[in-house]
Number of protein chains: 2
Amino acid sequence: MTDDVRPTRPPTAQEFVLAQLRQAIVSGGLRPGEQIRQDALAERFGTSRVPLREALKILEGEGQVSYQPHRGYFVAELSSDDLVEVYRIRRLLEDEAVAAAMPHIDDVAITEMEASLVAMDAASTLGDITALTAANRAFHFALFERSGMPRLARLIRQLWDATDAYRAVYFVEADNRERVATEHRTILGAIRERDVPRTIAALHAHRDHAVHRVRTILDS
Amino acid sequence: MTDDVRPTRPPTAQEFVLAQLRQAIVSGGLRPGEQIRQDALAERFGTSRVPLREALKILEGEGQVSYQPHRGYFVAELSSDDLVEVYRIRRLLEDEAVAAAMPHIDDVAITEMEASLVAMDAASTLGDITALTAANRAFHFALFERSGMPRLARLIRQLWDATDAYRAVYFVEADNRERVATEHRTILGAIRERDVPRTIAALHAHRDHAVHRVRTILDS
DNA sequence: CCGGAGCAGATTGGATACAATATCCGAGCG
DNA sequence: CGCTCGGATATTGTATCCAATCTGCTCCGG
């Protein structure tokens, strides 16, 4: 939100393709376990296979797709156990990030988070899952990014990415959307008072519910 | 060490190039901050630029190289602060991994670690930094890999990768090599007794010394 | 003497064409 | 009847060529 005056360079085809792929994964256009056909996707995006492949390599490095030489790329699939592991690691990292970030929370940060809440409500009523997940991220990372630990924030982002394909599933249900809205307000309340233990506790409850819900979906 | 009977497939050019690049970074052949000339490297590896670029994309995703469109790739450079951050995150993740792994430690694991120690001593006297760092990794990851949390092990590996370029610098000094040998034996002793707190404490001391030494080098 | 416009040269980004490999399916054999 | 071996087809992997972009230098004007 701050660096909007950088010298605007037209995005390379590869950057474009990468963004499209991420979006396709988040929105459910590419489903977990699905094989990625390079020809078909390249044509759909209007480029050749080269930039597509390079974008896929990045996603491979991030763990969003798996790859077997001469077999192709597959959208990464999470087992119920994987999901639990991701959330266990997230707890470790996010707790640390919250504790580190709290001293740096100012009015700007609070305002940012409030704006994200409003954006989530709007997207929720419209049923715009893509906008919803984007606002959700903005809310949480407004905090994490202020930890003064950019690498930590990056690792957390990676873990979020890994479950992107499943976040959409969670947000499809209106009940979950409402619950998240409530929980976010609880979290923000604790942050307003710079109460680290309460913030962390609220985040734990927040994550526990999500992982529990998605798990029941996965196991069914 | 266990899955050596997989259907051996000749490595693709890209896999080969990726391995070479990693090696070049670990061994110091490519120095932090250095720009990567695609033409020159492709010729050196005997392939065209395409597989090289895809390998670089993977390293980009892992954060080992940085990338600016139309400008090129650069070997990632770590500031002293970055180093401290990496080790702080490592402590978080590795402590968890150790605690999770300890119940799964069996004789095979112990034997593996002992073998790594021997391999390190041999590489140390030969001055073979590449073999040394490989054996060092084998020692530590024999533990981490048994955590039952593959994603956690993967994240830890990523953090190790990020400092690969500086590990070589550390191991160049014979004093450091000797000290590491001693510390490893302390760590292994604690593991033999399945003593989690003592293992974690020994690892803390181990890491603290390394980060301190590298920091003094970086700041000079 | 200093600073900016503009032209080379170098370097990266992308498209196309071709080679290598895996998968699928049916024929032949035990 | 099942198994193995081959070949056809589809898909991925790589090389080469051309286009787009950046960098550094020169030249001109102030």
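So you know, we letter chains A, B, ... as the sequences are listed, proteins then strands, and number each from 1. Side-chain atoms are counted along with the backbone in the values below, which use heavy atoms only and exclude waters and symmetry mates.
Comment: A/Arg157 engages A/Glu145 in a salt bridge, judged by a side-chain N to carboxylate O separation of less than 4.0 angstrom. The pair A/Glu85-B/Arg154 fails the salt-bridge criterion, with no side-chain N (NZ, NE, NH1 or NH2) lying under 4.0 Å from an Asp/Glu carboxylate O.
The nearest whole Å value for the distance from the OH atom in B/Tyr73 to the P atom in C/dT12 is 10 Å. Distance B/Phe45 CZ to D/dA15 P: 13 Å, rounded to the nearest Å. The nearest whole Å value for the distance from the NZ atom in B/Lys57 to the C1' atom in D/dG13 is 18 Å. As rounded to whole Å, 19 Å separates atom P of D/dA10 from atom CG of A/Leu41. Distance A/Glu43 CD to D/dT12 P: 14 Å, rounded to the nearest Å. In this structure, B/Phe16 places its CZ atom 15 Å from C1' of D/dT14, rounding to the nearest Å. The separation between B/Ile36 atom CD1 and C/dG13 atom P is 12 Å, rounded to whole Å. What separates CD of B/Gln35 from P of C/dT11 is a distance of 8 Å, to the nearest Å.
Across all strands shown, B/Gln14 has heavy atoms under 4.0 Å from sugar-phosphate atoms exclusively, and none from any base. Residue contacts shown for A/Arg53 include a base, since a base heavy atom lies under 4.0 Å away.
Taking every side-chain heavy atom of A/Asp39 into account, D/dT12 is the closest of C/dG13, D/dT12, C/dA15. Among the nucleotides C/dG13, C/dA22, C/dG14, the one closest to the side chain of A/His70 is C/dA22. Checking D/dA15, C/dT12, C/dG13 against the side-chain heavy atoms of B/Arg37 singles out C/dT12 as nearest.
Checking B/Thr133 against B/Arg167 by side-chain atom types alone, no donor-acceptor pair falls below 3.5 Å.
The cationic group of A/Lys57 lies under 6.0 Å from the six-membered ring centre of A/Tyr67 and within 45° of the ring axis, placing it in a cation-pi geometry.
Taking only distance into account, the side chain of A/Arg49 meets the base of D/dG13 through a donor-acceptor pair shorter than 3.5 Å.
Between C/dG13 and B/Gln38, a contact under 4.0 Å exists linking OP1 or OP2 to a side-chain N or O.
Along DNA chain C, the nucleotide nearest A/Thr47 and the nucleotide nearest A/Arg71 are compared for position; the residue whose nucleotide lies closer to the 5' end is A/Thr47.
The environment of CG in A/Asp219 is crowded: more than 12 heavy-atom neighbours from other residues, nucleotides or ligands sit within 6.0 Å.
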